[in-house]
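Please read the structure below before turning to the comments.
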2 protein chains.
Amino acid sequence: MLKYNTPTPNATMNTDTPIFQRIKDHITHQIETGAWVEGDLIPSEMTLTKAFNTSRMTVNRALRELTAELILVRRQGAGTYVAAQKVQSTLVEIRNIADEITVRGHEHHAELHRLESVAATDKLAAQLDIQAGQMVYHSTMVHFENAIPIQVEERWVNPAVAPDYLTQDFNQITPNAYLMQAAPLQGMNYKLEALLPTDAIAQMLRIPTSQPCLVLQRSTRSANKVASFAIMWHAGNRYRFVGSD
Amino acid sequence: MLKYNTPTPNATMNTDTPIFQRIKDHITHQIETGAWVEGDLIPSEMTLTKAFNTSRMTVNRALRELTAELILVRRQGAGTYVAAQKVQSTLVEIRNIADEITVRGHEHHAELHRLESVAATDKLAAQLDIQAGQMVYHSTMVHFENAIPIQVEERWVNPAVAPDYLTQDFNQITPNAYLMQAAPLQGMNYKLEALLPTDAIAQMLRIPTSQPCLVLQRSTRSANKVASFAIMWHAGNRYRFVGSD
DNA sequence: TAGTGGTCTAGACCACAGC
DNA sequence: CTGTGGTCTAGACCACTAT
């Protein structure tokens with residue numbers, strides 16, 4: 001474990017905030033700002049007990065709750081670690097289509113059709129919460145399952161959040177996987193609808209323009225900014241979302 | 001609070017089970033067996049402390065965790081109660097389309113097109129986990145938002161779970177709302193896809209057959225049986241699923 | 001063996017609800 | 001006022017991990 005300093009109380013924190021909550025806030029803050037990242041060993045219960053001038057049970061409660069929230073992982077005898085970033089939700093789990101295809105035992109590959117820097121249109125600027133005309137990164141990829149095109153992924157990325165986007169090798173890592181690692185995910189919004197494809201999309205998916213598509217639009221947030229906005233087109237006859245509760 | 005006896009240790013319980021876990025198990029057992037139901041006041045921390053011959057902090061941990069799991073509700077100064085049963089999920093929250101439309105400030109009404117008893121086809125029998133040929137209830141409804149047809153809901157119901165389905169007035173209560181009340185929901189599976197409508201569906205939604213539809217298929221479980229299977233068609237240009245995480 | 005987390009105790013003070 | 005839950009303390013014993 002590196003990068004650990006005495007906790008600095010947040011100015012916005014009410015003095016009535018329970019101690020266990022202050023400890024939780026401190027830890028999540030370290031993770032959100034990237035000071036502590038996935039796999040890092042964080043301070044032990046005893047260290048935090050002294051740092052916050054409290055009792056071990058109070059620290060234990062904070063760490064136990066963060067573990068229940070899947071933010072930390074604890075190993076008896078070893079220590080407490082920052083958990084792997086996972087956002088789970090019925091609809092969000094399709095975020096890494098490469099993994100999903102591999103899990104099904106099928107072969108996945110992707111074709112990069114476009115990777116460029118473009119000026120944000122008004123509409124796009126609103127999606128990314130930036131100024132119109134500002135430069136943003138844009139990529140278009142097609143994902144294949146056993147050589148059949150399954151998803152067209154068009155993505156716009158906020159350079160302020162992922163400045164190295166254009167220099168990635170997207171044959172090695174999917175845009176989603178890269179963004180997950182480059183910018184710790186805070187949350188997302190999505191929209192799901194059924195649409196007819198444009199000619200360009202139909203061509204990439206190798207379907208007729210009369211074939212309905214399942215279209216997922218999603219924006220992700222990181223570091224209190226909108227990190228990226230993506231539109232994913234799936235041929236309706238080849239792809240569906242499933243889940244259970 | 002009624003119906004409370006000294007906890008009877010489960011025979012399958014390992015003697016190494018932590019005390020807080022035994023308390024949690026005891027409480028969830030009371031709820032699962034119906035001994036305690038929604039809204040019931042359960043024993044206080046002090047009562048449980050004595051009953052389990054432990055300390056208050058241990059009882060507090062058990063109750064706090066069950067509260068985080070939405071199984072209990074606590075009110076300082078008043079007591080601890082069994083929480084209302086709720087199933088929530090991005091995709092499951094669309095279960096009551098009438099409420100959803102009303103919340104948007106729009107007018108909702110529904111037309112009942114069909115309400116009948118039919119013999120289960122092989123496919124349907126598999127969905128409902130019953131014998132083919134067995135009688136099941138079937139309904140077809142169209143839901144309107146401000147006089148525009150927004151959803152066609154076709155539903156098959158297991159008579160063993162909701163024997164009074166055919167005698168309901170579905171102008172007063174939606175099938176979903178009735179089933180939620182008649183059969184406490186255990187869980188569900190769903191499938192979401194983009195399809196072209198059949199002629200009959202297109203006519204009910206008043207759309208051309210070339211208009212893609214967002215189709216949600218869902219089966220619900222109750223009392224360890226499949227309670228119902230539903231197919232909901234939405235015009236792709238009028239309806240979308242949205243959510244956030 | 002030293003340090004870690006997992007659990008538990010027997011007290012304590014407080015805010016709040018209901019009578 | 002009494003009883004409830006919300007939080008906290010300063011210890012304790014144990015199982016496990018790493019060295």
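First the proteins, then the strands, lettered A, B, ... as listed; each starts at 1.
- Shown here are the side-chain hydrogen bond (donor to acceptor under 3.5 Å, both in side chains) partners of A/S55, two or more places apart in sequence or in another chain: A/T58.
- Every residue two or more places apart in sequence or in another chain that forms a salt bridge (charged side-chain N to carboxylate O under 4.0 Å, His left out) with B/R61 is listed here: B/E65.
- Listed by first and then second residue, the side-chain hydrogen bond (donor to acceptor under 3.5 Å, both in side chains) pairs that reach into residues 159-172 of chain B are B/S139-B/Y165, sequence neighbours excluded.
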*For nucleotides 2-10 of chain C, just jot down a letter per nucleotide in 5' to 3' order: B, S or -, based on protein non-hydrogen atoms under 4.0 Å.*
-BBBBBBBB
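- Residues passing the side-chain hydrogen bond (donor to acceptor under 3.5 Å, both in side chains) test with B/H143, sequence neighbours excluded: B/H108, B/E153.
- Every side-chain hydrogen bond (donor to acceptor under 3.5 Å, both in side chains) that B/T80 has, sequence neighbours left out, goes to B/R74.
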